[in-house]
There are 2 protein chains.
Amino acid sequence: MPSTAARDRLVQTALELFYVDGFHAVGVDRIASEAGVGKMTLYRHFRSKEDLILAALRRRDEVFRAWFTRALDAAATTPSGKLVAVFDVVDAWIKGAGPGNQRFRGCAFVKASAEYGDPDDPIHAAAAAHKAIQLRQLIQLAREAGATAPEQLARQLAILREGAIAEAHVAGNVDAALDARRVAEGLVGAALPHQ
Amino acid sequence: MPSTAARDRLVQTALELFYVDGFHAVGVDRIASEAGVGKMTLYRHFRSKEDLILAALRRRDEVFRAWFTRALDAAATTPSGKLVAVFDVVDAWIKGAGPGNQRFRGCAFVKASAEYGDPDDPIHAAAAAHKAIQLRQLIQLAREAGATAPEQLARQLAILREGAIAEAHVAGNVDAALDARRVAEGLVGAALPHQ
DNA sequence: ATTGAACGATACCGATCGGTAACATATTTA
DNA sequence: TAAATATGTTACCGATCGGTATCGTTCAAT
């Protein structure tokens with residue numbers, strides 16, 4: 001059976017190259033070469049480049065969500081506090097923290113959706129699935145916080161998060177998450193039952 | 001001198017193909033072919049593919065901003081009303097309105113930044129410039145509305161708009177702009193001097 | 001009517017694309 | 001120790017990449 005080590009190096013290398021230079025711009029030769037692996041080894045582990053892209057996005061989904069959850073737990077303790085702290089974590093990500101040692105270049109799944117714009121494309125679908133999981137986590141937090149309309153609050157916070165990430169990358173506004181945080185404070189405060 | 005007609009067809013065709021299939025995925029042969037133009041004509045008007053991409057983004061910037069401004073003027077009359085109506089226009093865009101007859105596939109400039117992630121890349125810079133102009137228009141509206149902190153309000157609305165566009169495209173939430181609109185109502189209302 | 005420029009078409013360039021075949025070398029397992 | 005397997009290298013496939021050269025034709029200005 002093929003070794004897990006070679007497969008892991010391929011996925012990790014592909015992920016880093018895709019994130020920096022894009023999916024179409026990075027060829028399989030370069031991935032195999034920079035992973036220190038023969039090209040045929042790549043095709044023993046993955047049927048096609050698309051398969052490798054999907055594996056890389058799966059890994060990104062796992063690693064990023066794990067990092068985000070840990071950072072969120074460290075930043076706040078109460079559910080309502082975490083709903084606001086989401087934007088402190090995004091702020092830290094924009095400014096260099098985050099999984100891996102690469103500079104911030106926006107959301108990897110937004111990039112994937114940008115290059116594979118057809119919603120029926122499996123790659124686009126993988127990006128949508130990642131966003132759906134993250135939305136569910138926000139809904140759960142909003143419910144635990146006792147928000148009056150947890151799903152609407154979660155969707156609004158998701159929009160704010162997505163917008164901050166995009167503004168930071170495209171427009172170069174490194175403090176976008178701080179602007180979004182101010183909005184989130186008002187939303188969360190207004191959604192909680194008055195005490 | 002080269003004709004304006006051929007150049008315009010090239011830019012328009014390139015814009016449509018890039019928007020749907022991406023910048024790297026669309027080759028110059030296909031652009032020239034679908035524009036009904038010889039390949040050499042393309043290179044008589046543009047030094048390189050990058051030049052054509054930049055020309056297409058310039059056109060997108062002009063056409064899209066003109067469409068957006070007109071739609072905004074038709075949707076509301078007062079400055080504060082327009083700040084909220086921004087999200088009605090985005091909602092209409094997501095649902096099929098907008099310049100051109102193509103289905104909504106997210107923001108063309110976000111797509112460009114996704115494929116050309118280096119902020120120093122001229123293509124990325126063109127996208128950033130587009131976002132800067134749109135932000136300035138929001139700041140102007142916020143000033144006219146008499147907002148207490150017009151620049152911060154404009155940045156927050158820009159984040160909301162960007163987030164709604166991204167959520168609609170990536171996650172497939174076609175009503176994202178309506179969620180964002182609710183948030184914008186609160187922000188604009190709170191930023192105006194009480195009367 | 002003649003010149004000259006812009007045109008579409010085609011063939012071509014070296015390089016790279018995604019993907020495959022063959023092979024010799026390790027590394028493992030029996 | 002012998003058979004089996006996973007490996008990295010190399011060469012190759014047809015197709016396409018961005019970009020150039022050359023052609024005969026169209027068409028407008030003089």
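These figures come from a predicted structure and were not determined experimentally. Only this structure's heavy atoms are used, side chains among them; waters, hydrogens and symmetry mates stay out.
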Whole-Å gap separating [atom2] ([N]) and [atom1] ([X]):
{"X": "A:Asp21", "N": "C:dT16", "atom1": "CG", "atom2": "P", "answer": "15 Å"}
{"X": "A:Leu10", "N": "D:dG8", "atom1": "CG", "atom2": "C1'", "answer": "12 Å"}
{"X": "B:Glu34", "N": "C:dG8", "atom1": "CD", "atom2": "P", "answer": "15 Å"}

With sequence neighbours left out, the residues meeting side chain to side chain donor-acceptor pair (under 3.5 Å) with B:Arg136 are none

Donor-acceptor contacts, no H, no angles, side chain residues 86-98 of chain B, under 3.5 Å, sequence neighbours left out:
unit_1  : atom_1 : unit_2   : atom_2 : d
B:Asp88 : OD1    : B:Arg181 : NH1    : 2.9
B:Asp88 : OD2    : B:Arg181 : NH1    : 2.4
B:Asp91 : OD1    : B:Lys95  : NZ     : 2.9
B:Asp91 : OD2    : B:Lys95  : NZ     : 3.4
B:Lys95 : NZ     : B:Asp175 : OD1    : 2.9

With heavy atoms under 4.0 Å as the rule, sort B:Ala32 into base, sugar-phosphate or nothing. nothing

Measure from NZ or CZ of A:Arg59 to the centre of the six-membered ring of A:Phe18 and say whether it is under 6.0 Å with the direction within 45° of the ring axis. no

Quick tally for nucleotides 17-30 of chain C: nucleotides whose base has a protein heavy atom under 4.0 Å get B, sugar-phosphate-only ones S, the rest -, giving SBBBBB--------

Can you confirm whether more than 12 heavy atoms, excluding those of A:Arg9, are under 6.0 Å from its CZ atom? yes

Considering all heavy atoms, the nearest A:Lys111-A:Arg105 contact: NZ-O, 3.2 Å

How far apart are the closest heavy atoms of B:Phe109 and B:Ala127, and which atoms are they? O-CB, 3.5 Å

